[in-house]
Amino acid sequence: MASTPPATIPPEEDTPQSDGSKLKTFLSILRKFIGVSDLAAVRFSLPSQLLEPTPNLEYWNYLDSPSAFAAIGTSDDPLDRMLEVLRFWFTKDLKYVKGKPCKPYNSCLGEFFRCNWEAEDNAPLIDTKSLRVVSGLNSSASSVKSAKAAKSDARAASSVSVAQTPSSPAGRTVKISYLTEQTSHHPPVSAFYVSCPAKGLHARGYDQISAKFTGTAIKVSPGEHNLGIFITLERRDNETYQLTHPAAHLGGLLRGALSVTVGDVAYVTCATTKLKAILHYIEDGWLGRAQNKVEGVIFRYDPDNDDKVRIKDVPDSDVVARLGGGWKDKIVFTLGPKPVDSHPADQQITIIDLNPLTVAPKTLPPKEEQAENESLKLWDGVTEAILSKQYSKATNIKIELEEKQREKARERERTNEPFVPVFFAQVTDKGGKPDLTEKGRQVLERAQKEDWNLEGIL
C-alpha cells in the first residue's frame, strides 16, 4: 500500500509556547481524531514545538535502572528469581515517575538505535529462605541460634531495593548493550534486544502501541505484536520470563498538566519454575487524588492450564508471596498467602523504593561512528533546531525526512521489494520474540567491547 502523508498541521511561529499553550494546541489536534480506533496507526505529525527532542527508539527502552536488570538470575531459589524480575519490572517506567510524559519523534522504517549502560553489580541479594525462618513459615525445625541469626539477617534485609546508578560508577560494573530497529511502518513496530553477557542474561521483544483519544484522555495499550518483554537466563537452562504490559491513560489534557495513570493488570510468567505473578494496577476514582496503587500475588501455576487472570481467582494454597504499594513510590512484598497489611512491619520487605532513583545515563556511540539512519544522527538537524527554538526550521527538516521515507516506500512498491530489517530476522513475529541477524549479533558484540565501528556490517 502506498505511503500517505501524515495529517496536516498548522504552520508554527518561532515564539516559544508555555506548557499550557502546548497542551491546548495538542488538544485541538487530538479532537480531530475522536472516534479513530488507533491513533498510533494514523501516525499524525505534530508541530515541532510539541515534540520532545528525543528519537522514539532512544526514548522507548526499559533500562531506566540497569542495575536492577543486571541482578536478575542471581539467586538459586525460583521465588527469589521471580522477585528479582519484579524488582526490575517496577523500575522500567522510572522515566514516567521522575519526568513528564512527552511525545518523541516518530521512527522511520529502518531507523536504529544502540547504546550501553554501565550497571553497578551491587543489588541487594533477595533471600526469602532466611525470611521464612523469621516469619515462622519454615516448617522444619531450626535451632534458636539459627533463628536469631536469620532474624538479624532479615532486619538487615528489610529493603532489597537497588541503588541509584551514578554517571561514573566507582564499584564493580557489568556492561549492558542495547539494540533496537524500526522493523515496520504500517503498523509502527520496533524490535529490541538487550544483552548482558557477563550475567548470561538477555531480553527481547517488539514495541508497538495502540492509542485512542477518548475526549479527555489518551488510552495507550500494547499493540497486537507487542507481547511484552521476554527475559532469558542463559545460565539456568534458558529459563524465560514473559512480562506483559498493562494499558495506561495519559490524562491531564484539560487541566494543562499531563500525567500517566494505570488501571489494568500485568502478568509475569515463567513456565520453567511454574511461578506466575499477577499485578493489579488500581484505577483511581473520579474525585480522589491519584494513588497509583498496585497489588500483586506470586503463586504456583500450571503452564498447560494457565487460567488465573485475577488475583481473587488464586487460591491461598497456591500463593507464595504478595506485593503492595505505590508504583510511583515504594512497593513491599510479604511471604505466604496472608494480606500484606496483616504482616508486621519488619516482615514487609521493600522490593523497590523509587524515591531516590533517577533515570540512569547511557553510553552513546560517538557522532563520527553513527550511521546515517541511526536515530541520533538521523534526527540531529531537528533536535538542534528545536533546542535553539527555531521551530519552523525544525518542522521543515522533519517534513523533508518524512518525505524521503514516503519516497522510499513508493520505490519499494514500484519494484515490489518488501522492506527487510538489517539487525533482526523478522519484521514481526507471532511469538513476540525477535531473533537477531548475524549483523545484529555483531553490533552487540562490538558494543560490549565499546567498539562502535560499523565497518563490515553496513
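Numbering of residues begins at 1 and proceeds along the displayed sequence. Worth knowing before you read on, the calculation uses all heavy atoms, side chains too, and leaves out hydrogens, waters and symmetry mates.
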Quiz item: Is it true that D121 and K199 make a salt bridge, defined as a side-chain N closer than 4.0 Å to a carboxylate O?
Solution: yes
Quiz prompt | Check against side-chain hydrogen bond (donor to acceptor under 3.5 Å, both in side chains), Q164 and T358 | solution = CA-CA 7 Å; Q164 172 62 27; T358 57; 3.0 Å; yes
Exercise. Keeping the roles fixed (side chain from R87, backbone from A68), state whether a donor-acceptor pair exists under 3.5 Å.
Key: no
Quiz item: Under the criterion salt bridge (Lys or Arg N to Asp or Glu O under 4.0 Å), which of K129, R236, R235 is the partner of D76?
Solution: R236
Quiz prompt | R441/E438 under salt bridge (Lys or Arg N to Asp or Glu O under 4.0 Å): CA gap, chis, key distance, verdict | solution = CA-CA 5 Å; R441 283 189 286 273; E438 180 57 34; 3.2 Å; yes
Self-check item: Under the side-chain contact (heavy atoms from CB on, under 4.5 Å) test, residues paired with A198 that sit two or more places apart
Solution: V174
Quiz item: Does the pair R406/E403 count as a salt bridge with the N-to-O cut at 4.0 Å?
Solution: yes
Quiz item: Does NZ belonging to K377 count more than 12 external heavy atoms closer than 6.0 Å?
Solution: yes
Quiz item: Taking all non-hydrogen atoms of both residues, which atom of D264 and which atom of A247 are closest, and how far apart?
Solution: OD2-N, 2.7 Å
Self-check item: Test item: K276 side-chain N/O and V297 main-chain N/O as donor-acceptor pair under 3.5 Å
Solution: no
Exercise. Can you label the angle between the W327 ring and the Y281 ring as parallel, tilted or perpendicular, going by 30° and 60°?
Key: perpendicular
Exercise. Report the distance from atom CD of E239 to atom OG1 of T273, rounding to the nearest 0.5 Å.
Key: 5.5 Å
Quiz item: In Å and rounded to the nearest 0.5 Å, what is the OG to NZ distance from S221 to K219?
Solution: 4.5 Å
Quiz prompt | Heavy atoms from other residues, nucleotides or ligands near CG of D237 exceed 12 (cutoff 6.0 Å) | solution = no
Quiz item: Taking side chain as C-beta onward, heavy atoms only, is P421 less than 4.5 Å from V427?
Solution: yes
Quiz prompt | Close side-chain approach of T74 to L125, heavy-atom, < 4.5 Å | solution = yes
Exercise. Not counting sequence neighbours, list each pair that qualifies as a ring pair (Phe, Tyr, Trp, His ring centres under 6.0 Å) and has a residue in residues 396-424.
Key: F112-F423
Quiz prompt | Steps toward side-chain contact (heavy atoms from CB on, under 4.5 Å) verdict (I351, L83) | solution = CA-CA 8 Å; I351 188 171; L83 288 166; 3.9 Å; yes
Quiz prompt | OG1 on T363 to CH2 on W117, rounded to 0.5 Å | solution = 9.5 Å
Quiz prompt | Intermediate values then yes/no, side-chain contact (heavy atoms from CB on, under 4.5 Å), L376 and T383 | solution = CA-CA 9 Å; L376 296 176; T383 299; over 6 Å; no
Exercise. Any chance you could lay out the side-chain hydrogen bond (donor to acceptor under 3.5 Å, both in side chains) test for N116 and E450, step after step, and finish with the verdict?
Key: CA-CA 8 Å; N116 281 344; E450 297 185 20; 5.6 Å; no
Self-check item: Verdict with supporting geometry, K393 and Y391, side-chain contact (heavy atoms from CB on, under 4.5 Å)
Solution: CA-CA 5 Å; K393 179 182 178 181; Y391 300 112; over 6 Å; no
Quiz item: Which residues satisfy the side chain to side chain donor-acceptor pair (under 3.5 Å) test with S75, sequence neighbours excluded?
Solution: D80
Practice problem: Compare all side-chain heavy atoms of L179 with those of L444 and state whether any distance is below 4.5 angstrom. | Solution: yes
Quiz item: Among L458, I457, D451, whose side chain to side chain contact (heavy atoms under 4.5 Å, CB included) with V443 holds?
Solution: I457
Quiz item: When rounded to the nearest 0.5 angstrom, what is the spacing between CD in Q208 and NE2 in H225?
Solution: 5.0 Å
Exercise. First locate atom NZ of K433, then atom OG1 of T240, and finally report the distance between them rounded to the nearest 0.5 Å.
Key: 6.0 Å
Self-check item: Audit row: K398, E402, salt bridge (Lys or Arg N to Asp or Glu O under 4.0 Å) steps and yes/no
Solution: CA-CA 6 Å; K398 187 163 72 74; E402 292 166 346; 3.6 Å; yes
Quiz item: Counting distance only, does the side-chain N/O of S184 pair as donor-acceptor with the main-chain N or O of V189 below 3.5 Å?
Solution: no
Self-check item: By salt bridge (charged side-chain N to carboxylate O under 4.0 Å, His left out) - contacts of K92 (at least two apart)
Solution: none
Quiz item: Taking side chain as C-beta onward, heavy atoms only, is E374 less than 4.5 Å from P365?
Solution: yes
Quiz item: More than 12 non-hydrogen atoms from neighbouring residues, nucleotides or ligands closer than 6.0 Å to CD on E411, yes or no?
Solution: yes
Quiz item: Within 45° of the six-membered ring axis of F299 and under 6.0 Å from that ring's centre, is NZ or CZ of K308 located there?
Solution: no
Quiz item: Got N61 and K362 here, is their nearest side-chain heavy-atom distance under 4.5 Å?
Solution: yes
Quiz item: Does the side chain of Y105 reach to within under 4.5 Å of the side chain of L378, using non-hydrogen atoms?
Solution: no
Quiz item: Does D93 come within less than 4.0 Å of K328, counting only side-chain N to carboxylate O?
Solution: no
Quiz item: Ion pair present between K95 and D64, side-chain N to carboxylate O less than 4.0 angstrom?
Solution: yes
Exercise. Scan side-chain atoms only and decide if S161 and D353 contain a donor-acceptor pair under the 3.5 Å cut-off.
Key: no
Quiz prompt | Distance-minimising heavy-atom pair for S177 and Q448 | solution = OG-NE2, 2.9 Å
Quiz prompt | Of W60, Y62, Y206, the residue whose pairing with F192 passes side chain to side chain contact (heavy atoms under 4.5 Å, CB included) | solution = Y62
Quiz item: Would H280 and Y267 count as a ring pair (Phe, Tyr, Trp, His ring centres under 6.0 Å) if you check the C-alpha gap in whole Å, the side-chain angles of each, and the deciding distance to 0.1 Å?
Solution: CA-CA 9 Å; H280 179 205; Y267 304 98; over 10 Å; no
Practice problem: Just grab all the ring pair (Phe, Tyr, Trp, His ring centres under 6.0 Å) pairs involving residues 436-458, residues at least two apart or on different chains. | Solution: none
Practice problem: First locate atom OG1 of T183, then atom CD of E111, and finally report the distance between them rounded to the nearest 0.5 Å. | Solution: 12.0 Å
Quiz item: How about D329 and N292: does a side-chain donor come under 3.5 Å of a side-chain acceptor?
Solution: no
Quiz prompt | Residues forming a side-chain contact (heavy atoms from CB on, under 4.5 Å) with K404, sequence neighbours excluded | solution = none
Exercise. Could you tell me whether a side-chain N or O of E120 sits under 3.5 Å from a main-chain N or O of T173, the two making a donor and an acceptor?
Key: no
Quiz item: Taking side chain as C-beta onward, heavy atoms only, is E407 less than 4.5 Å from R410?
Solution: yes
Quiz item: Do L233 and N238 have side chains that get closer than 4.5 Å, going by heavy atoms?
Solution: no
Quiz item: Going through the distances and angles, do L275 and R300 end up as a side-chain contact (heavy atoms from CB on, under 4.5 Å)?
Solution: CA-CA 5 Å; L275 288 178; R300 292 178 289 269; 4.0 Å; yes
Quiz item: Is there a donor-acceptor contact under 3.5 Å from the side chain of T437 to the main chain of V422?
Solution: yes
